[in-house]
Chemist: 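Structure in structure tokens, see below.
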Amino acid sequence: MTDAVQEFEAGLARLGGDVTATFEACADEQALRAANAKLVGPSGELTGLLKLMPKLPGDRRKELGQRANQVKQAIQTAFDARLAAIARALREAELSGPRIDVSLPGRAVRPGGQHPITKTIEELLDVFASLGFEISESREIELAEYNFGRLGFPPDHPATDMQDSFFVKGRTGTQVGGGGDEAVVLRTHATAIQVHEMLARKPPMAVVAAGTVYRRDDDATHSPMFHQIDGFLVDKNVSFAHLKGVLTTFLKRTFGAEVPVRFRPSYFPFVEPGGELDIGCTFCRPWVGAGSDAQRARTDACRTCKQTGWIEVLGCGSIHPVVFESCGVDPAEWSGFAWGMGIDRIAMLRHGIRDIRMLYDNDIRFLDQL
Amino acid sequence: MKASCKWLRELGGLDASADEMAARLTRAGIEVEAIERFGRGLDRVVIAEVRAKRAHPSRDKLTLVTVFDGKGTREIVCGAPNVPAPGARVVLVEVGATLPGGLAIEAREVAGVRSEGMLASEKELGIGPDHEGILVLGDDELGKPGTPIVAALDLEDEVLHLSLTPNRADCQGHLGVARELAALFGKPFAPRLTLLPSKLLSVLPEAPLGTRALPVIESGNGHSGETASLVAPVEGVPMTVPIRIPAADRCARYVGTVLQRVAMAPSPFWLRYRLHVLGQRSIDRVVDVTNLVLLELGHPIHAFDLDRLDGHRIDVRLARAGERIALLDGTERTLTEDDLVIADARGPVALAGVMGGSESAVRASTRNVLLEVAWFDPRSVRRTSRRHGIHTESSHRFERGVDPAGVALAQRRAASLLTTLADAVCAPIGVDAEARRIAHATVSLEPDYVRAAIGDPSITDTDARTILEGLGCAISPGEHSGWRVTVPTHRPDLTRAIDLVEEVARVRGYDRVPTLLLRPEPRPDAGPSRALLVRQVRRAALAAGHHEAVNFTFLSAADLSRARVSTDAVALANPLSEERSVMRTSLVPGLLANVSRAERHQRPRGRIFEIGRRYLPSAGPTGAEERLTLSLVAFGTRDEWLGEGPSVDFYDGKGAVERIFDALGLSAAAHVADALPGWLHPRRAAEVRLAGTPIGHVGEIHPDVADAHALATRPILAELDLALVLDALAARGPRQVRALPRFGAVVRDLAIVLADDVTLARVEALVRETGAPLVEDVQLFDLYRGKPIADGQKSFALRITYRDADATLTDARVDEAHGRILARAASELGAQLRG
Ligand SMILES: [Zn+2]
């Protein structure tokens with residue numbers, strides 16, 4: 001009886017003695033769990049000790065049972081503490097260990113690049129939309145009557161040289177109409193939107209349309225296919241001053257409020273008075289340090305504006321009475337203005353594209369950069 | 001149009017600098033694109049007199065020339081063949097000078113003889129085209145030895161490059177530009193032109209019947225015949241030529257003036273130089289004078305060799321069909337009944353207003369000349385010019401409209417110059433055939449209208465009147481408070497009140513137009529803009545990883561057939577080239593060209609899309625239907641995290657389409673189709689349907705089409721019509737959501753072996769139908785072919801999600817449903833549970 005008590009007490013003393021040191025000696029979780037199992041596992045020392053319990057005298061059993069429990073608790077506490085310490089050490093090692101190579105590529109689905117033409121069109125249309133214009137569109141294969149005749153181009157007039165057109169072959173294989181109003185052309189501008197809209201509904205109206213246009217030019221600076229935004233506004237008592245105000249606002253919003261705008265007369269058959277709006281060259285920025293030697297040197301070296309400091313961006317004017325008359329709108333009651341601007345050059349300016357061919361080659365190495 | 005500032009100053013009495021003129025003109029709508037400066041960089045280039053010349057001791061092509069430069073003599077080694085005799089004056093480039101071409105002149109030994117400078121040609125000096133020999137000055141040129149040539153030859157000039165809009169016919173000559181400048185600078189305009197002939201025939205002829213006489217000396221202007229010397233007419237040479245204008249609607253007026261005894265010789269330096277700075281070549285004195293008058297007055301004129309005009313008569317008539325004429329440019333043309341010609345008794349001698357004939361042209365042997373000054377109908381000249389593809393300085397001006405009232409001035413100016421420069425003797429009258437009078441236009445104008453149209457109430461009546469009168473308009477009182485404005489004949493572009501408004505705004509300067517804003521009234525019934533709907537599609541395609549392309553919409557018929565898209569295309573009547581001669585019927589050829597280009601540049605993988613129109617012949621008013629289309633291509637290998645995966649296949653294309661429609665909130669599905677377009681693989685492609693309606697196709701390229709484009713990869717293509725998609729987008733409301741499930745789901749996998757031709761769609765339909773209403777979702781998570789599964793079979797591993805919306809699902813119910821599914825798959829699809 002006493003032997004059992006002695007053995008039990010000795011076991012408890014042994015177990016409760018240096019358990020902390022035993023656990024400290026364990027370098028990792030595996031060793032710790034093994035050491036713990038040796039103590040409290042199914043065939044561990046404490047488990048073995050507890051098998052002595054029935055042999056203990058009844059009056060000591062409760063007390064010794066409580067002590068055994070305390071030892072077990074102490075082992076558990078030491079185990080937990082060591083396990084936490086080992087986990088912490090591992091975490092510390094991870095946090096202070098070698099960095100990952102953050103320069104390896106990200107694992108993403110890359111969105112495609114938007115073409116500079118459509119990107120530019122979207123942004124310019126947004127500005128006009130914010131100024132209250134509706135966005136519309138019309139056909140590219142157009143009656144000469146809509147592209148020229150109703151817009152006031154006189155027949156056999158050099159004004160049509162400004163817009164040398166592609167004619168469409170008739171179904172019979174010959175040129176439709178031989179160049180008269182009944183001919184069918186690839187539209188040379190998006191201006192026919194005026195005719196379509198004015199024939200379709202009554203003023204007031206304010207419409208802008210972007211699209212592909214075609215002229216029979218092909219050289220280093222002209223592509224036979226290019227893009228334009230055309231727009232117009234018809235209302236009562238619209239003056240040339242309104243045109244200047246609205247389009248100047250558009251240009252300042254688009255290119256920056258600091259960019260100067262120049263308005264000078266020009267000629268298009270469908271407007272009168274007609275003009276062109278230039279912006280200060282956004283490449284050599286002649287308004288920065290205007291008049292200084294540095295500015296002059298910059299502008300003198302500028303290929304974008306051909307040393308002039310200005311870039312033509314937009315043709316415009318008050319809508320010619322001829323256009324109103326040809327569309328059944330009374331020019332005595334209504335007035336308005338119209339404009340058209342080429343997109344390609346603006347897109348090239350914005351994206352630093354030097355060669356117009358890059359716009360339509362769709363080289364994947366070009367598209368990759370967008 | 002090029003304009004010499006020196007000439008403009010002479011004509012208009014202006015003293016403005018070239019830069020001032022350019023700025024003012026540009027501000028008024030006559031854009032000056034460039035200013036070319038002449039007579040610069042000729043320091044240390046002086047007049048020298050030849051004193052002696054001798055042969056070079058060892059080189060027979062070289063001459064040793066002793067020249068006097070005003071201070072002393074020096075010897076120059078000269079290689080030119082035309083060293084003149086002593087006494088003649090030449091141009092000496094002194095040692096130390098640098099020529100405009102960059103050549104620096106030093107004293108140097110030439111074949112053993114020291115040369116103290118250089119004798120120069122026009123071309124070397126940059127003052128003319130001649131490089132055959134050194135410039136030898138004529139007796140009529142000024143300049144003592146030692147005078148710098150810039151001063152001696154009056155070389156300093158600036159030439160404005162004007163970009164004239166087609167409405168400004170009046171500025172096609174220096175006189176018109178000078179008049180415009182005077183108006184812009186607010187100066188009176190009184191052109192200084194010598195109009196007096198120096199020699200006249202001593203006999204006064206009469207105009208033939210039906211024509212009038214146009215005297216070459218204007219009566220009552222203070223000049224009279226006695227300042228001109230009188231010379232007897234040449235025997236047998238007519239003094240007048242009868243002129244008839246049967247084509248009266250094509251030629252309003254034709255004046256023919258005879259000049260006898262012309263001296264055909266090279267022009268003096270000043271005339272050659274004037275032509276040179278304006279980009280024209282000197283020919284001979286007669287031709288140079290006609291060109292000078294054209295450049296000065298903007299009125300093209302022509303000189304015929306009088307002795308070569310058969311029958312000594314002129315008819316201005318329409319050509320007969322098939323009539324032929326040999327022209328000055330060396331070509332021979334067959335004419336149509338719409339071509340206006342000048343004809344003699346035999347046939348056409350000139351294409352009216354376009355180009356003279358070679359037969360009747362003046363030449364070295366010419367002695368007598370008929371000078372033509374006429375006004376031809378602009379449309380007629382333009383049609384002939386375009387029909388024959390001949391664009392000349394003359395046709396350019398007539399097309400735009402020359403001043404019908406300028407005929408007499410041009411006749412007098414040319415007569416004066418020809419008598420002075422070409423030593424000609426002018427008949428006292430020209431024969432003036434006037435088919436019709438072109439009247440001055442009159443326009444009613446209210447000053448209030450000017451203010452309202454410009455939007456500037458600060459413009460006074462006086463401001464407007466001063467500007468219009470400065471431009472040559474005459475103003476008299478009209479109805480009510482308005483004006484009756486008589487427009488000068490040199491401004492055929494001013495026909496309506498609004499044209500005069502522009503003149504006022506233009507001359508004042510658009511920078512002075514006020515800036516007013518207005519806000520368009522929003523339209524409540526404006527629907528969604530298609531452009532904005534297209535943007536949604538574009539965003540979705542970009543988000544699906546496709547780059548956007550913008551391809552040419554015209555291509556060659558061969559491009560269409562190579563890509564096996566419809567060749568029933570809208571064709572151009574006048575394409576620039578065969579490569580761009582028909583409108584595309586599909587976006588596929590463009591995308592394949594993009595793929596081909598990428599492969600050529602060692603970038604054989606990628607994804608591209610284009611949104612654009614296809615053009616299909618139709619019965620509509622323009623004969624074409626324009627269909628907005630989305631096309632996609634994926635080619636090369638699929639992306640992996642590092643490196644490349646396997647090549648893209650049908651499912652990449654299908655996935656892209658699904659992804660795009662998911663992003664748009666629409667559901668499009670690929671379906672087996674019996675009829676596929678020719679560009680698709682017949683076994684690896686599908687029809688795409690939007691809510692059951694076919695909208696296009698997706699699939700692998702037909703291998704033969706890939707071969708035809710020499711492609712190394714097999715691109716996956718899709719082409720979808722956007723019309724229905726945009727309609728669906730416009731009609732689509734906000735996305736609707738369902739309540740979240742309250743009870744948990746049970747997931748069971750099912751691996752079955754099936755015959756290869758059983759599609760997933762059939763299996764999935766069977767699972768959903770059989771397991772209804774508990775089956776919530778079916779996902780294929782593995783597809784396997786190969787051992788141990790028999791050939792012609794495959795294994796599908798499906799993950800089926802079961803859920804009861806209203807109760808907790810028991811295992812028993814799931815087991816029952818799952819078992820039912822397997823049993824039906826076995827009986828209907830021959831499926832076996834995979835072991
Ligand atoms: Zn610049």
Side-chain angles (χ1 to χ4, degrees), chain A residues 107 109-115 117-118 122 125 132-135 137 139-143 156 158-159 161-162 166-169 171 175 184 204 206 212 216 218 224-225 233 238-242 244-246 248-249 263-267 272-273 275 318 321 359-365 367, chain B residues 26-29 165-167 379 382-383 399-400 452-456 498-499 501-502 505-506 510-511 513-521 526 529-531 535 542-543 545-553 570-574 576 594 597-598 601 603 606 613 615 621-624 626 641:
Chain A
R107 200 180 283 120
V109 176
R110 309 220 173 267
Q114 186 173 357
H115 197 279
I117 293 283
T118 66
E122 286 185 0
L125 285 180
F133 287 80
E134 273 176 43
I135 301 173
E137 61 187 7
R139 58 197 180 202
E140 290 172 24
I141 298 177
E142 185 56 279
L143 298 173
D156 293 325
D161 288 351
M162 296 158 82
F166 289 107
F167 288 88
V168 168
K169 264 189 200 166
R171 304 304 317 260
Q175 181 177 319
V184 174
T212 312
R216 254 184 120 261
D218 197 3
M225 180 187 108
L233 178 148
V238 180
S239 72
F240 201 49
H242 289 116
K244 187 175 174 183
V246 170
T248 304
T249 305
F263 191 22
R264 61 189 166 76
S266 190
Y267 167 77
E272 190 83 20
S318 296
L359 282 180
Y360 298 110
D361 280 348
N362 299 299
D363 194 304
I364 193 120
R365 297 165 300 173
L367 301 176
Chain B
T26 297
R27 200 169 147 248
T165 53
N167 57 325
R379 293 180 62 182
R382 177 174 169 82
R383 286 208 299 277
E399 274 180 27
R400 282 156 180 75
I454 296 175
D456 186 352
I498 194 71
D499 299 326
V501 168
E502 181 182 67
R506 183 178 74 79
Y510 283 6
D511 45 346
V513 173
T515 302
L516 295 178
L517 279 170
L518 87 174
R519 182 107 199 142
E521 201 175 304
S529 151
R530 269 167 64 94
R535 255 188 230 192
L542 290 167
H546 292 70
H547 287 322
E548 187 181 22
V550 175
N551 280 300
F552 275 115
T553 56
V570 174
L572 301 183
N574 59 340
L576 280 169
N594 303 153
R597 186 182 184 91
H601 291 107
R603 264 285 276 113
R613 300 185 192 188
Y615 312 83
T622 62
E626 302 176 23
W641 177 45

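Here is the naming used below: chain letters follow the sequence lines, and residue numbers restart at 1 for every chain.
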Chemist: With a 4.5 angstrom heavy-atom cut-off, which part of B/Val570 approaches chain A: side chain, backbone, both or neither?
Modeler: side chain
Chemist: Under a 3.5 Å distance rule, please check whether A/His242 uses its side chain to pair with a backbone N or O of A/Ser239 as donor and acceptor.
Modeler: yes
Chemist: Please classify the contact of B/Arg597 with chain A as side chain, backbone, both or neither, using a heavy-atom distance under 4.5 Å.
Modeler: side chain
Chemist: Sub-3.5 Å donor-acceptor pair from the side chain of A/Asp363 to the main-chain atoms of A/Arg365, do we have one?
Modeler: yes
Chemist: Answer with side chain, backbone, both or neither: which region of A/Gln114 has an atom nearer than 4.5 Å to a non-hydrogen atom of chain B?
Modeler: both
Chemist: Where does A/Arg139 contact chain B at under 4.5 Å (heavy atoms): side chain, backbone, both or neither?
Modeler: both
Chemist: Could you tell me which portion of B/Phe552 (side chain, backbone, both or neither) has an atom closer than 4.5 angstrom to a non-hydrogen atom of chain A?
Modeler: both
Chemist: Pick from B/Glu521, B/Arg383, B/Arg535, B/Arg519: which one has the most heavy-atom pairs with chain A under 4.5 Å?
Modeler: B/Arg535
Chemist: State, without any angle test, whether A/Tyr267 and A/Glu272 hold a side-chain donor-acceptor pair at a distance under 3.5 Å.
Modeler: no
Chemist: Among B/Gly606, B/Ala453, B/Ala531, single out the residue with the greatest number of heavy-atom pairs under 4.5 Å to chain A.
Modeler: B/Ala453
Chemist: How about A/Phe167 and A/Arg216: do any of their side-chain heavy atoms sit closer than 4.5 Å?
Modeler: no
Chemist: Quick one: does any side-chain atom of B/His601 pair with a main-chain N or O of B/Arg603 as donor and acceptor, under 3.5 Å?
Modeler: no
Chemist: Is a side-chain donor or acceptor of A/Asn362 paired with a backbone partner of B/Ala549 at a separation under 3.5 angstrom?
Modeler: no
Chemist: Based on non-hydrogen pairs under 4.5 Å, which of B/Val550, B/Ile454, B/Val501, B/Leu576 is most in contact with chain A?
Modeler: B/Val550
Chemist: Can a side-chain donor-acceptor contact be found between A/Thr118 and A/Glu122 if the only test is distance below 3.5 angstrom?
Modeler: no
Chemist: Heavy-atom pairs under 4.5 Å with chain B are the metric here; pick the option from A/Ala241, A/Pro204, A/Pro321, A/Ser318 that has the most.
Modeler: A/Ala241
Chemist: Heavy-atom pairs under 4.5 Å with chain B: which of A/Pro273, A/Ser266, A/Gly275, A/Pro224 has the most?
Modeler: A/Pro273
Chemist: Does any backbone or side-chain atom of A/Glu140 lie under 4.5 Å from a heavy atom of chain B? Answer side chain, backbone, both or neither.
Modeler: both
Chemist: Determine whether a donor-acceptor pair (N or O, by modelled atom type, separation under 3.5 Å) exists between the side chain of A/Lys244 and the backbone of B/Leu517.
Modeler: no
Chemist: Parallel under 30°, tilted from 30 to 60°, perpendicular over 60°: which one fits the rings of A/Phe263 and B/Tyr510?
Modeler: tilted
Chemist: Using heavy-atom distances under 4.5 Å, tell me whether A/Ile135 contacts chain B through its side chain, its backbone, both, or neither.
Modeler: both
Chemist: Who wins among B/Ala452, B/Ala624, B/Ala598, B/Ala571 for the most heavy-atom pairs under 4.5 Å with chain A?
Modeler: B/Ala571
Chemist: B/Asn551, B/Asp456, B/Thr26: which one forms the most heavy-atom pairs within less than 4.5 Å of chain A?
Modeler: B/Asn551
